[in-house]
Amino acid sequence: MLRDKSALIAMSGGVDSSVAALLTLEHGFDCVGSMMKLFSNEEVDCREKSCCSLTDADDARAVANKLGIPFYVFNFSDVFKEKVIHRFVEIYQNGGTPNPCIDCNRFLKFGKLLHRAHETGRNYLVTGHYAQIKKDLASDRFLLKKSVDLEKDQSYVLYAMTQDQLKHTLLPLGGMTKSQTREIAIDNGFVNAKKQDSQDICFVPNGNYADFINKYTGKPPAKGQFLDTDGSYLGEHKGIIYYTIGQRRGLGLSGQHPMYVCSVCAEANTVTVGTTDKLNAKTLIARDINLIPIKQLDSAIKVHAKLRYKQLEQPATVWQLDSDTLRIEFDAPQRAPAKGQAVVLYDGDLVIGGGTIDGTA
RNA sequence: UGGGGUGUCGCCAAGCGGUAAGGCACGGGACUUUGACUCCCGCAUGCGUAGGUUCAAAUCCUGCCACCCCAG
């Protein structure tokens, strides 16, 4: 049986989730702190900047102690390996560009961990994301909205949340700014009050994801051909996993103008490069979609869409093609949509939903 | 082997006697809970080589070397 005012706090060891824990406690919830163990130290060189490393666990535990709440570590490394790392590697090998943080949110935080909360009788999962969840009485659906602090808004990485997940999730920082969070952490003497924000992929040491993939697969990357947009040979590439659509640096190709990756073909093991004007696409197809305020789109709607985490939303029109496919046509061409990345749709500060980019049309 | 042309940073390329532009690539940083993009900073005491003329040469002169083209 789930108790109404009980929560499991997802703590990363960072400032945000620590303050989220404090605020939840102050709201009268019965709280338990937790951390997901996502990989072993032998597998990954944990480093300070990532979330969920060893020192982060110490920080999270220290904060939990300070708050006087229990703190548990759950070993989810098997699921993480299957749902995040394996997918990550596979998508790169297929010429796509994965977003492991979104997968981790979907399958681990709001999947495994939320389930664990329920298993232990707790009604809510609390995270330190900057976004807001609201119940819409008219439609009886839960809505996901941007955070008040638009600079820090993280709704992009939460677009895949289901109604059930939204119903059982609390985001105490959604109405706050990052600086307010920091202040609270400092005022409360949290050890991580001044810790820098996490960045890069947590399971990839030094930010070198390609090395990680090579080590994971145990195979050296297959070199192949760089082609220009006319199909002529320009040079040898290091292996398709090293490239993503729109990439400029690291190609080693010199020309009159900067060269960017225009497409990656896994079958032919080729990477096509061209000038920046070759990267624009107006229409794209998204699969594995999720819609939040509505069950399905019966007709085309106008939205504002983002192709990447830090991007101003762009006006677009969306059609639903089938139960799992959206067609998104932007008013103006967009630069470098990459297969595997997430496209997220907004109406003002409301998240309509999103999907995984499958290609351009 | 004759005749012509060219040799400036990894690539392209300014310079035309007054003390080495720029772009690309590369390196570093900022930004960032993915990958990218973007922005900022750095990047030839030396201009194929050896001499010479000049107060002063990548720039003029001479030899040599390399590469390219045309003839054989």
Side-chain angles (χ1 to χ4, degrees), chain A residues 10-17 20 36 38 47-53 56 84-85 87-89 91-109 127-131 147 151-160 171 173 178 181 195-204 207-213 226 228 234-235 240-264 271 273-280 306-312 314 334-344 354 356-357:
Chain A
M11 301 179 76
S12 67
V15 205
D16 295 332
S17 53
M36 300 184 288
L38 300 175
R47 62 201 192 98
E48 289 154 26
K49 276 167 131 186
S50 76
C51 63
C52 317
S53 72
D56 291 325
V84 179
I85 297 182
R87 269 172 70 95
F88 173 83
V89 171
I91 291 170
Y92 260 118
Q93 287 180 319
N94 287 326
T97 308
N99 189 329
C101 291
I102 286 178
D103 285 341
C104 180
N105 285 334
R106 278 175 82 174
F107 300 115
L108 275 294
K109 279 197 194 77
T127 78
H129 286 107
Y130 287 85
S147 71
E151 278 299 304
K152 195 60 196 174
D153 173 55
Q154 293 173 314
S155 57
Y156 177 85
V157 296
L158 301 176
Y159 80 90
L171 307 177
L173 303 188
K178 179 78 188 195
T181 302
K195 191 159 144 184
Q196 72 178 103
D197 291 4
S198 65
Q199 50 187 259
D200 296 336
I201 305 170
C202 69
F203 55 91
V204 176
N208 193 335
Y209 72 86
D211 279 358
F212 176 87
I213 293 173
F226 272 128
D228 71 14
L234 290 182
I240 60 169
I241 62 161
Y242 287 89
Y243 310 98
T244 187
I245 308 272
Q247 177 175 337
R248 172 181 177 177
R249 303 190 74 171
L251 305 186
L253 297 170
S254 61
Q256 284 216 293
H257 306 287
M259 302 297 275
Y260 298 86
V261 173
C262 293
S263 63
V264 175
V271 174
V273 302
T275 46
T276 188
D277 55 294
K278 301 282 201 315
L279 287 168
N280 291 331
K306 291 214 287 196
L307 297 177
R308 38 185 66 83
Y309 185 61
K310 286 288 171 190
Q311 180 193 17
L312 278 177
Q314 303 295 317
Q334 298 300 304
R335 189 183 178 284
K339 186 177 176 179
Q341 290 283 291
V343 55
V344 179
T356 305
I357 297 171

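Naming: A, B, ... by sequence-line order, numbering from 1 per chain.
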Counting only Watson-Crick pairs (N1-N3 plus N6-O4 or O6-N4) and G-U wobbles (N1-O2, O6-N3), all under 3.5 Å, who is the partner of B:U19? none
Between A:Asp197 and A:Lys152 (salt bridge meaning N to carboxylate O under 4.0 Å), is one present in this structure? yes
Would you mind reading off the distance between A:Tyr260 atom OH and B:G35 atom C1', rounded to a whole angstrom? 16 Å
Which residue lies toward the 5' end of RNA chain B, A:Asp153 or A:Pro258, if each is placed at its nearest nucleotide? A:Pro258
If I pick the P atom on B:C26 and the same atom on B:C37, what distance separates them, to the nearest angstrom? 10 Å
In whole angstroms, the gap separating C1' of B:A30 from CG of A:Asp200 amounts to 13 Å
Within 45° of the ring axis of A:Phe107 and under 6.0 Å from its six-membered ring centre, is that where the NZ or CZ of A:Arg87 lies? no
If I pick the P atom on B:A44 and the same atom on B:C11, what distance separates them, to the nearest angstrom? 16 Å
Which nucleotide, in any strand shown, forms a Watson-Crick or G-U wobble pair with B:G42, with both distances under 3.5 Å? B:C26
Base-pairing mate for B:U49 - Watson-Crick or G-U, with both contacts under 3.5 Å: B:G63
Have a look at A:Gly250 and say if it touches a base, only the backbone sugar-phosphate, or nothing, with a 4.0 Å heavy-atom cut-off. sugar-phosphate
Can you see if the side chain of A:Arg335 gets near the phosphate of B:U38 - specifically, an N or O under 4.0 Å from OP1 or OP2? no
Closer than 4.0 Å, any side-chain N/O of A:Arg249 to the OP1 or OP2 of B:C26? no
Nearest-nucleotide 5' precedence on RNA chain B, A:Phe88 against A:Leu253: A:Leu253
Integer-rounded Å distance: B:U32 C1' and A:Lys306 NZ: 12 Å
Closest approach to the side chain of A:Lys310, judged atom by atom: which nucleotide of B:G35, B:C11, B:U32 is it? B:U32
Separation between the C1' atoms of B:G18 and B:A13, rounded to whole Å: 22 Å
Remember a base hit wins even if backbone is also touched, and classify A:Gln256 as base, sugar-phosphate or nothing at under 4.0 Å, heavy atoms. sugar-phosphate
B:G35 P sits how many Å from A:Ile245 CD1, rounded? 17 Å
Using atom C1' in both nucleotides, what's the gap between B:U59 and B:A21 to the nearest angstrom? 15 Å
Could you work out which one of B:C37, B:U34, B:G10 sits closest to the side chain of A:Ser254? B:G10
So, do A:Tyr243 and A:Phe226 have ring centers that fall under 6.0 Å from each other? yes
Atom pair distance, as rounded to whole Å: CD in A:Gln247 and C1' in B:U38: 14 Å
Touch class at under 4.0 angstrom, heavy-atom based, for A:Lys152 against every strand present: sugar-phosphate
Looking only at atom P, what distance separates B:G23 and B:C60, rounded to whole Å? 27 Å
Just call it for A:Pro98: base, sugar-phosphate, or nothing, with non-hydrogen atoms closer than 4.0 Å on any strand. base
Under the rule syn = chi within 90° of 0, otherwise anti, which is B:C37? syn
